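The structure under discussion appears below in the form of structure tokens.
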Amino acid sequence: QTKVAEHPGEIWCDSLKLGNLQLVSKLKNPSDSCSVDVSTVWWEVTGCKESCIITACEFTVSLWKSLDNWQWRKVYTWHFTEIPVLQIIPLWDACNLVCVALGHLEIREIRLLFCSDDECLKQSLVKSGNIKAVLGLRHKRLVCSNGTLHDHQVDLMTFSGSGRSKEKQTLMSPEETILAFAEVQGMQDALLGTTLMSNIVIWNLKTGQLLKKMQIGNSYQASICHKAYSDMGLLFVVLSHPHGKEIESMGSPIFQLIVINPKTALSADVRPYSLPQGHTGRFLDGEVKDTLAAAVLTSGTIAVWDLFLGHCTALLLPNSDGNWSFVKWSGTDSCLLAGQKNGNVFVYSY
Amino acid sequence: CSESDLGPISLNWFQELTSEAPP
């Protein structure tokens with residue numbers, strides 16, 4: 001038995017109803033340019049710190065304040081003129097600060113967005129160059145890797161409360177291209193990364209040391225790490241394979257959970273997260289929060305997995321306005337933010 | 001997988017790797 005909800009965005013849930021998506025609100029960005037990303041951020045609006053939605057179009061980034069009854073009002077918009085916005089980089093526990101990545105196909109600039117004391121919108125250049133991977137961390141920190149093989153650099157930046165200054169620390173480079181970073185739940189000074197050559201690397205964020213470089217096999221080439229969990233001396237890592245080949249009969253897993261013993265660098269597969277029968281597609285974009293993973297697929301559908309249960313718990317099919325193109329979890333509650341290129345952002349409670 | 005697949009497990013792996021890694 002499958003439950004199919006009404007428009008907008010057909011929702012499929014499994015018969016056990018272990019997960020459910022319910023549409024609670026819709027934001028319409030009237031900008032003519034293409035929407036590229038969404039996230040949530042803590043912001044002090046009219047003297048009150050609250051969780052706001054932040055949306056990005058090609059040349060604008062807008063902050064939305066919540067009103068009553070799940071309605072949203074746009075309060076600030078930052079404008080960009082030369083390089084388009086690629087993604088929002090939230091700094092998870094920061095207030096009144098958010099970063100954005102700008103570029104064409106690859107990230108060329110990272111900018112910090114904030115407001116001055118007199119409520120003027122400000123932006124400052126944090127990093128420029130050939131940026132390969134970036135992640136916002138807790139405690140107003142941002143990690144990014146840039147440069148090519150010979151001048152490869154991994155920087156950890158810490159921003160002041162107001163965003164006016166930053167401290168920079170260099171992490172030891174694994175001397176190969178880093179594709180993605182992930183925080184390690186349960187080990188706050190650890191940072192994990194995946195590399196182009198199928199390695200997983202671990203840093204100590206306090207000392208900047210590169211603790212381990214571990215080969216995870218050719219079947220994981222160019223994997224993206226989304227989240228890691230440290231438990232009982234082992235590291236559990238959620239990966240996706242944006243370049244994975246789809247096997248027609250069963251499809252390739254969208255996410256994969258592996259386990260690594262960091263002491264021995266030995267690893268094993270734990271569980272694949274695949275699409276239900278009859279659905280196909282490859283990973284385009286996605287996010288893992290706590291035990292929930294969401295992905296936008298090449299088919300234009302959004303799929304949600306409960307990592308503990310091990311199976312897909314909800315599917316959000318494209319609606320009459322078109323395919324889904326980006327998806328994020330809200331920072332404060334179990335809401336799924338689903339966006340389309342035309343500026344529509346739908347908020348679903350899970 | 002069992003402990004024999006992954007080798008000996010240490011609950012203090014982070015501290016141990018930090019002391020073993022180059023500064």
Side-chain angles (χ1 to χ4, degrees), chain A residues 154 156 169-175 182-193 199-217 219-220 228-237 256-272 310, chain B:
Chain A
V154 188
L156 177 68
Q169 180 194 348
T170 302
L171 305 185
M172 196 177 283
S173 167
E175 294 179 340
E183 285 193 285
V184 182
Q185 203 164 306
M187 191 68 75
Q188 64 168 356
D189 292 329
L191 178 73
L192 193 128
N199 283 304
I200 285 188
V201 287
I202 308 172
W203 290 271
N204 181 327
L205 282 172
K206 266 201 173 150
T207 63
Q209 288 166 288
L210 181 66
L211 301 184
K212 202 85 176 179
K213 189 167 166 176
M214 302 170 284
Q215 179 64 226
I216 49 168
S219 55
Y220 294 107
Y229 311 85
S230 175
D231 190 35
M232 301 297 286
L234 295 170
L235 266 181
F236 294 85
V237 186
Q256 176 88 36
L257 181 67
I258 66 167
V259 60
I260 301 172
N261 181 348
K263 277 294 282 182
T264 60
L266 295 170
S267 62
D269 291 348
V270 176
R271 176 179 274 176
Chain B
C1 55
S2 65
E3 184 159 343
S4 59
D5 298 324
L6 297 169
I9 291 164
S10 168
L11 294 178
N12 296 318
W13 64 268
F14 191 73
Q15 291 77 9
E16 289 171 19
L17 292 181
T18 296
S19 61
E20 291 162 12

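This one's a predicted model, so the numbers in the text were calculated from it and none came from an experiment. Throughout, a chain's letter reflects where its sequence line sits, starting with A, and its residues are numbered from 1.
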Quick one, A:Ser267 and A:Ile200 - any side-chain contact, counting heavy atoms below 4.5 Å? no

Quick one: does any side-chain atom of A:Asn199 pair with a main-chain N or O of A:Lys213 as donor and acceptor, under 3.5 Å? no

Look at A:Asp189, A:Asp231, A:Ile260 and state which one has the largest set of heavy-atom pairs under 4.5 Å with chain B. A:Asp189

Quick check on A:Ile202 against chain B: is it the side chain, the backbone, both or neither that has a heavy atom closer than 4.5 Å? side chain

I'd like to know if B:Glu20 pairs up with A:Lys263 as an ion pair, taking the criterion as any Lys NZ or Arg NE/NH1/NH2 lying under 4.0 Å from an Asp or Glu carboxylate oxygen. yes

If you count heavy-atom pairs under 4.5 Å with chain B, which of A:Gly233, A:Ala265, A:Gly208, A:Ser230 comes out on top? A:Gly233

Option that, when pairs with chain B are counted at under 4.5 Å, heavy atom only, ranks first among A:Leu235, A:Val184, A:Leu211, A:Thr264: A:Leu211

If only side-chain N and O atoms count, and only distance matters, is there a donor-acceptor pair under 3.5 Å linking A:Thr207 with A:Gln209? yes

